[in-house]
Amino acid sequence: MAKYVCSVCGYIYDEAAGDPQSGVAPGTAWEDLPSDWVCPLCTAEQSEFNKEDSGDSAPAPAKETMPLYEMHDDDMRELSALEVAALCTNLARGCEKQYKPEEEALFRKLADYYKSIAAPQKSADVGQLIALVEKDLTEGFAAANAAAKNDGDRGAQRALVWSEKVTRILKSLLARYQKEGDDMFSNTGVYVCTICGFIYVGNNLPDVCPVCKVPNWKFYKVEGR
Amino acid sequence: MAEKYAVRNLRLCTKDCLCLYVCPTGASDTENSVIDINTCIGCGDCADACPSGAISMVPKVYPPQQVKTNAVTGTLKSLVKSKSEQESIAAELPGVLAKAVEKSNRIMAEDLLREAGFMLPQSDNTKEFLQSLLTDKHPSDFPTEVVEQLISKLYDTKEDKIMSDNKTHDNLMAGFTGEAEANRKYTAYAKKAEKDGFLNAAKLFRAAADAETLHALKHFEVAGMVGDTASNLKDGIAGETYEYKEMYPPFIETAKAEGNNAAVMTFTFAMKAEEVHARLYEEALDNLEDFEEVFYYLCPTCGNIEKFVPERCSICGVPGDKFIKY
């Protein structure tokens, strides 16, 4: 019997043990799982699981051979208004951590201003979101990971691991939403981890965030609009 | 002023209050539970004693942040651009998931920017960013004053000077207190010598008292404690208010309990006069730009100040003709 590891949160699906809490009997083979079975911890889809390495499997994936990142002209471009807003809320959080409430409030004021002048999206739809998520997963993270590894930047690698996992969860959720629509939220809560951005849809909020491992009281419950 | 100071995380504080018992200066004993940074000497005893781990010792100066290469910041900023775009698209979509996606993307953008060279609010990168906002052109509703306040709070505050030169600042303030005390002491001794007819000794005490004033003023100025007149007035209001509201009432109670009537009287006069001073400072602050001349009259007995010559002092009853005009 084989084991499969969730690449987002590290949960292990053991065919011998099954997942009785989700109605999967012990001895259920990976191939025989119901198609709507998702990671019971972080809700990642089956495609995010890898068969546990038994020691004699294929060599390391091609990630290591990523070509080195080359600078583009627009890398150092001016930040958009919404990016400046994010920069300011990041700095506000920095002040909050340092117990500087006045500075925190000032950065939040500045962030509010920049958010108010950000140009709104004209015709927004879920398809645009999915396209950007795909592009992040195929290009953006690969390039940034390569640069961070090459330059030995441990902090950047940490942030990239977290946000890449969160982005993969976003991809699953958006795909499900396209299929199921608002039905997917009937009788479930929607939560966002305020540290890494992980989104949890369901009623069994894990004790710690599956991505960044912060205790779940740091989660924010999202109410509909 | 110490290198570090104690802060209390209110969410973790279980009010077991061991910090109150171990704090040598009473800095942790405040009605709003915020440890008083001005009284804290940074000894760390409260943090060691706290059974809930709610108190941390926070440095006054943070180490420089990690150096980032252009390749890292460039690729991270490309991702930030995408995350902000997703935030903006999600903001226009209905439903609870869109709201979660909007928030999630903001959190990711913040974290990526933090690693792209903007971790510390005190860093050179943040300073350059804020300064560039002052030189850029903006619409008229741009909150310039917010940026200016941030720059002044984070980079060129009085506290910053204190941070860079802690020991000397401490010494300057200790020198100021000592010299100020010596001035008042010698003045008291001079008055006594005059009364008893030792005029030469009195003269020397007067001269020495003036010399200590010179020292005290210089120490205070070098310590960076003299701000603009508006902030000095505010400091005056704070000092006088503290004295009449918090310092003197318990002094008077104790003096009464101990039967020291002279102390009760001098504390009471001072308390009442400080209240008047606080009010006059407030008026002066409100009318700082008003240049029409104002006269003040000082009661030489109790320290009361009036803006006219009263028939008798409203605090101690001394006749108005004794008042000194300023």
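Below, read A as the first sequence line, B as the second, and so on, with proteins coming before strands; counting in each chain starts at 1. All of these numbers come straight from a predicted model, not from anything done at the bench.
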Is it true that A:Asp151 and B:Lys68 have a side-chain N and a carboxylate O under 4.0 angstrom from each other? no

Only one of B:Glu145, B:Gln149, B:Glu148 passes side-chain contact (heavy atoms from CB on, under 4.5 Å) with A:Leu106; say which it is. B:Gln149

Is A:Tyr113 close to B:Asp141 at the side-chain level, that is, under 4.5 Å between some pair of heavy atoms? yes

Salt bridge between A:Glu83 and B:Lys77, side-chain N to carboxylate O under 4.0 Å? no

Write out, in numerical order, the residues from residues 169-180 of chain A with a heavy atom short of 4.5 Å from a heavy atom in chain B. A:Leu170, A:Leu173, A:Leu174, A:Tyr177

Heavy-atom side-chain proximity of A:Leu132 to B:Ile89 below 4.5 angstrom: yes

Apply salt bridge (charged side-chain N to carboxylate O under 4.0 Å, His left out) to A:Arg93 and list each qualifying residue two or more places apart in sequence or on a separate chain. B:Glu110

Only one of B:Thr69, B:Thr73, B:Val72 passes side-chain contact (heavy atoms from CB on, under 4.5 Å) with A:Asp153; say which it is. B:Val72

B:Phe142, part contacting chain A, at a heavy-atom distance under 4.5 Å: both

Point-to-point distance, once rounded to the nearest 0.5 Å, from OG1 of A:Thr167 to CG of B:Asn105: 7.0 Å

Salt bridge (charged side-chain N to carboxylate O under 4.0 Å, His left out) involving B:Lys103 - partner list, sequence neighbours excluded: none

Among the options A:Thr194, A:Asp136, A:Leu110, A:Ile195, pick out the one with the most heavy-atom pairs lying under 4.5 Å from chain B. A:Asp136

Counting heavy-atom pairs under 4.5 Å to chain B, which of A:Val126, A:Asp182, A:Ile117, A:Val192 comes out on top? A:Val192

Contact class of A:Cys196 relative to chain B, heavy atoms under 4.5 angstrom: backbone

What residue in A:Trp162, A:Tyr220, A:Tyr191 has the most heavy-atom pairs under 4.5 Å with chain B? A:Tyr220

Taking a cut-off of under 4.5 angstrom between non-hydrogen atoms, the residues of residues 121-132 of chain B near chain A are B:Pro121, B:Gln122, B:Thr126, B:Phe129, B:Leu130

Inter-residue atom distance B:Ser78.OG - A:Lys135.NZ, 0.5 Å rounding: 8.0 Å

Flag side-chain contact, heavy atom, 4.5 Å: B:Ser104 against A:Val166: yes

